[in-house]
Amino acid sequence: MKSMLQPFTRRAVSSLALGALVAPAVKAQSITEITVHYSQPHVFRESKEAVAAAFMRREPGIRINWVTTPNYDEGTQLILRQAVAGTQADLTYQGLNRLRVLAERGICQDLTPFLHREGSAAEQGYSPTILGLGQAGGMQAGLAYAVSTMITYLNLDVLRRIGVEPEAVSTNWDSIIELAERIARLPNAPDPIYYDIGEWAWSALLYGHGGQYMSGDERRFLMESPQGLAAMRLYQRILRDGRMPNLTTPAAQQAFGAGRIAIRFGSTAFLRNVIQAVGQNFQLATTIMPVIDAERGRLQVGGSAGMLLARDPVKQEAAWKFLRFSTSAEGTALMVQNTGYVPCNQLAVDDPRWLAEFYLRNPLFAAAMRQLPITVAWYAFPGANGVRITQTISDNLQRLVESRATPEQVVQDMQREVTRLLPRNT
Amino acid sequence: MPRNWHLSSAVGLGAVKVTRGAPIGEALAGLMLTVPAGLAYLVMLLLPTVATILLAFTDYELGLPDWNWIGLGNFTEMFEDRGFGVALRNTIIYVGFVTPISILLGLGIALLIESGIRGRATFRAIFFLPVVSLTVAMAAAWQYLLHPTIGPLNGLLRTIGVSSPPYWLSSSDWVLLSLSAIGIWENIGYNMVLFLAGLTAIPRELYHAAEVDGSKTWLDRFRLVTWPLLGPTTLFVLTITMIRSIRVFDTVAVLTQGGPNKASEVLLHTMYKEGFTFLRLGYSAAITLVFLVMVLGLVWLQTKALDKRVHYG
Amino acid sequence: MDKPRERSFLADTPRLVSLGLVGLLLLMPYIWMVSASLKPLDELFRASLSLWPERFHAVENYSRVFSQVPVLHYLWNGIVVCAGILFFQLLFAVPAGYALAKLRFPGRDIAFGLVMLGLLVPPHVPALPLYVTFSKLGLLNTYAALILPFTISVFAIFLFRQFFRALPDELIHAARLDGIGEFEIVWRIILPNSWPAATAFAIFSVVAHWNDLFWPLIVIEGQARATPALGVLYFRSDEAGDDFAALMAAAVIMTLPLVLAFLFAQRRFVEGIATTGLKG
């Protein structure tokens, strides 16, 4: 008896199930789910969720699934692995220097047609500078979402001890170094200057001289150039005359917060963290990087941009809408308020109703934003060894930090080693 | 017979006759018992490893659709690359520091703990704690403790008169030493536990016998009884510690990322960086292959050299 | 060591003091980690070593961890994954270890050689092919993906082989004489006697996989199946700096179960290793 009923009930159940599957499918067509990936969750989570909340008020039919990775590197690996395995996020916020890697592998969409659909890019707040930050691999690979630049962090308590008021700090290297020498003469002196370690931070000196890494046709590495040499010599001066301690960047961050470093040159991305680390220990101020060449000087940015990966037309449309909203004036304002990174929409910068109040109440964050007009894209070297070239530059810079070579030697060695790593068919 | 064997009631220990009928059943049973593990080994370990090793002869990069066989191209590049040579040298130095010192300290602490009754359980727990820790978290702690300007270690050194204490983790001269010290810290507990076990297994009667035979001091007893009987344990600990220290990765990845200027670069970190950061999986696989061959040679050498001396029966 | 006579406390002092000092040194990072999790960020990196916080910030730090990361969920995932891994490791390794130790069969020496070889292979090596396979099978983001690759533990096979080698042969011969089949021998004699070594191995295995970062980082996306180690990693960032105080609090939370489990099991653990009979 039982065995006869079993197949019967099984069929009944399965047809019920099928029926249940069909019914909501009719309703489900109006809800599109997209997968959005980003890195550094403890920094960006609130901003992403705020943007998503505002977005879903306008587009209730789109639901977002989040995927996060700790750092940009893991983020790139994730997308590449997914490309190999055939599963894919629809939208990813990648470190700006990784746009090229993904673009050259044909993983992302060119955003130019999408932008033109909406009208003039500039009118939506995507100035040529801002668009340039997201260009790589010969296309508009991404739209910059949150951007960072080098800024100057000042320990005002120490400055006052040498009788300098914050307004009197001139932003040029000669006067900074002179301040450093005066600080060094204080009793129980803190370390006067710290310049963040690594290629990205140092590039501010190269670009500040109006130089760049590669020639326009990307065939020649330009370290052995007047600007390259000048930047290296300036770095040497900062290290030596600024009496910079040989600390790692995290260690320096901690020492600065403890009041044992007077002036730090580092990314504005650290600012929220620095404010907390400084806390009640001393009074903090920020200002722009010292200007070297007022006309041709530029700054390489850090940060992330949204890249559109989806190929399915429905998901592509939904993902594009979110990407556009997250980089619109409203979206970027939400981002700034939650993270302190630099806004990536000119409307948000110019129109006071978006961010005027934020910068009034958080003047420390304004320093980076003021440098937005002179920013350039985060450069990625061509070829298979692109990432490794960055490492080679950082390694060679370290020799100056530990006083094991002269600037000229470092420039020469760097030129030789990097040229060897560049693609040979160019 | 060790006291904690317990036999099911049906089996007695009468006179034992070795029958020859067993071998076929035994062989079959042997094979069948190893099949599950063998399958898992094949699928989860052997095949993926072979796949990765085959990559060593290609120029495969993660995400690129096309790739080529380049034979020994990766290997020639490796031997010309200054970075690989430095990583090799650093790994050897690291192993050279960590292995003997962590073994000696592990043994010393095990001896100390076993030589008394008070606080055994507590001390065992205390010394094993570093093994249980999450490297990412410990790294932050180490970075502060070893901080050159605001850290307590250098603070202490300054109060006793050292005018400029070393920059432990950011100086090319000191970083390898610092990482070795952390490696020793991680391995002491591990080795201590293994030695504790070896020590506990030495029968007491042997010590009584030695005493009767005239060895009076602790050193005599150690030389005559403890050290020889610890032989197999020591060999085991030596092998395991060497393998663990050759495979150093976590502390380098979290604390120094191979820096400054490759001064703390080690083989596995280079392999990881090439494959996962620089995305050159073919080259990374080549490094892996060289690594495996080296370690294999090392273990084989060591087993050959010590096996005879250690095992007697 | 010889049988420890009950020494007077005075005579025991040198031993206690030296162990205590070294122990304190070894514990420093832990002590600092716990102390750091109680402080606000601006107090963490003072130039002086003060372990007790001036402003008690534990509530803020720990509640930040709980608000950003589903802690209990991650801890549960950790338990499921580690238990699952351990179960399969024992399931495969105990019979295999016994077979390698006591039974003669063709290919035994090759098998043992492969086991030793397996000990040398670092975890990064099989990672990518395994990832692609799991992805194609649709197994990413599942417990299966976290458990399956580790079901084979060559260390376990090695350990159990050593252990069973010390088993007296007479035991098994006698059982065979009594007509007990090979598999029954495993079930009724070998298995019950392997608990000490199994406990010992369990500690090593659980510690290794609870703290594993590399593999979960590759196969897990999102929070549904994330492990405790990933929960700690949430607070790291190279570009913007770590959320340091929360990082320390997260580390304390995620390490605590391990510590407690070890304290609980450590007595059986040492006895287990002892009867492994590391005599080769």
Side-chain angles (χ1 to χ4, degrees), chain A residues 35 37 39-46 65-74 77-78 81-82 84-87 89 95 146 148 188 190 198 200 249-251 253-260 266-282 302-304 339-341, chain C residues 36 39-49 54-55 57 60-61 64-65 67-69 127-141 145 213-214 216-224 226 229-247 250:
Chain A
T35 310
H37 158 261
S39 298
Q40 307 193 92
H42 85 84
V43 179
F44 284 107
R45 167 112 151 255
E46 286 106 344
N65 298 322
W66 299 107
V67 173
T68 62
T69 50
N71 285 302
Y72 292 143
D73 253 359
E74 285 103 3
Q77 291 167 34
L78 173 72
R81 278 199 308 266
Q82 288 183 334
V84 170
T87 65
S148 62
N188 189 19
W200 183 82
T249 302
Q253 168 119 334
Q254 293 157 9
F256 182 81
R260 297 304 303 165
S267 169
T268 188
F270 291 111
L271 184 49
R272 262 198 343 171
N273 214 319
V274 172
I275 291 175
Q276 279 192 312
V278 166
Q280 301 167 7
N281 294 338
F282 58 84
S304 57
T339 65
Y341 274 66
Chain C
K39 295 182 180 177
L41 196 58
D42 54 348
E43 259 190 64
L44 264 178
F45 300 109
R46 293 284 174 73
S48 55
L49 181 66
E54 277 171 34
R55 281 169 290 142
H57 218 247
E60 287 91 337
N61 292 343
R64 177 158 166 80
V65 177
S67 70
Q68 297 283 339
V69 169
L128 197 64
L130 277 177
Y131 171 82
V132 174
T133 313
F134 280 127
S135 182
K136 296 260 189 250
L137 292 175
L139 283 178
L140 288 182
N141 269 317
L213 261 182
F214 177 71
L217 208 52
I218 292 185
V219 290
I220 298 298
E221 305 158 14
Q223 295 190 332
L230 285 180
V232 176
L233 204 57
Y234 179 92
F235 296 100
R236 295 208 92 210
S237 157
D238 285 340
E239 186 175 73
D242 304 335
D243 188 346
F244 214 86
L247 182 69

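Lettering of chains follows the sequences in order, A, B, ..., and the numbering in each one begins at 1.
Interface remark: A:E74 contributes side-chain atoms only to the contact with chain C (heavy atom separation under 4.5 Å). A:R45 touches chain C through its side chain: at least one heavy atom from C-beta onward sits under 4.5 Å away, while N, CA, C and O do not. Within the 4.5 angstrom heavy-atom criterion, only side-chain atoms of A:V43, from C-beta onward, approach chain C. With a 4.5 Å cut-off on non-hydrogen atoms, C:I220 does not touch chain A at all. Looking at C:Y131, the atoms closer than 4.5 Å to chain A (heavy atoms on both sides) all sit in the side chain, from C-beta outward. For A:P250, no part lies near chain C; criterion is any non-hydrogen pair under 4.5 Å. For A:S148, the part sitting under 4.5 Å from any heavy atom of chain C is the side chain, from C-beta outward, and nothing else. With a threshold of 4.5 angstrom between heavy atoms, A:Q77 does not approach chain C through any atom at all. Contact annotation for C:F134: neither backbone nor side-chain heavy atoms come within less than 4.5 Å of a heavy atom of chain A. When heavy atoms are compared at a cutoff of 4.5 Å, C:L230 does not approach chain A at all.
Ring pair C:F45/A:F256: centre-to-centre distance not below 6.0 Å.
Put simply, CG on C:L233 and CG on A:N71 are 7.5 Å apart, with the number rounded to the nearest 0.5 Å.
Of all the listed residues (A:T339, A:V67, A:T35, A:N281), the one sharing the greatest number of non-hydrogen pairs under 4.5 Å with chain C is A:N281.
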* Trace of the side chain to side chain contact (heavy atoms under 4.5 Å, CB included) decision for C:R55 with C:D42 -> CA-CA 10 Å; C:R55 281 169 290 142; C:D42 54 348; 3.0 Å; yes
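Proximity of A:H37 to A:T69: side-chain heavy atoms (C-beta onward) are separated by under 4.5 Å at one or more points. For the pair A:Q280/C:E54, no side-chain contact is recorded, criterion being any heavy-atom separation below 4.5 Å from C-beta on. The shortest distance between side-chain heavy atoms of C:D238 and A:Y72 does not fall below 4.5 Å.
Here A:F44 pairs with A:Y341 under the ring-ring contact (aromatic ring centres under 6.0 Å, His included) rule; sequence neighbours left out.
For C:A127 against C:I218, the heavy-atom pair with the smallest separation is CB-CD1, 4.2 Å.
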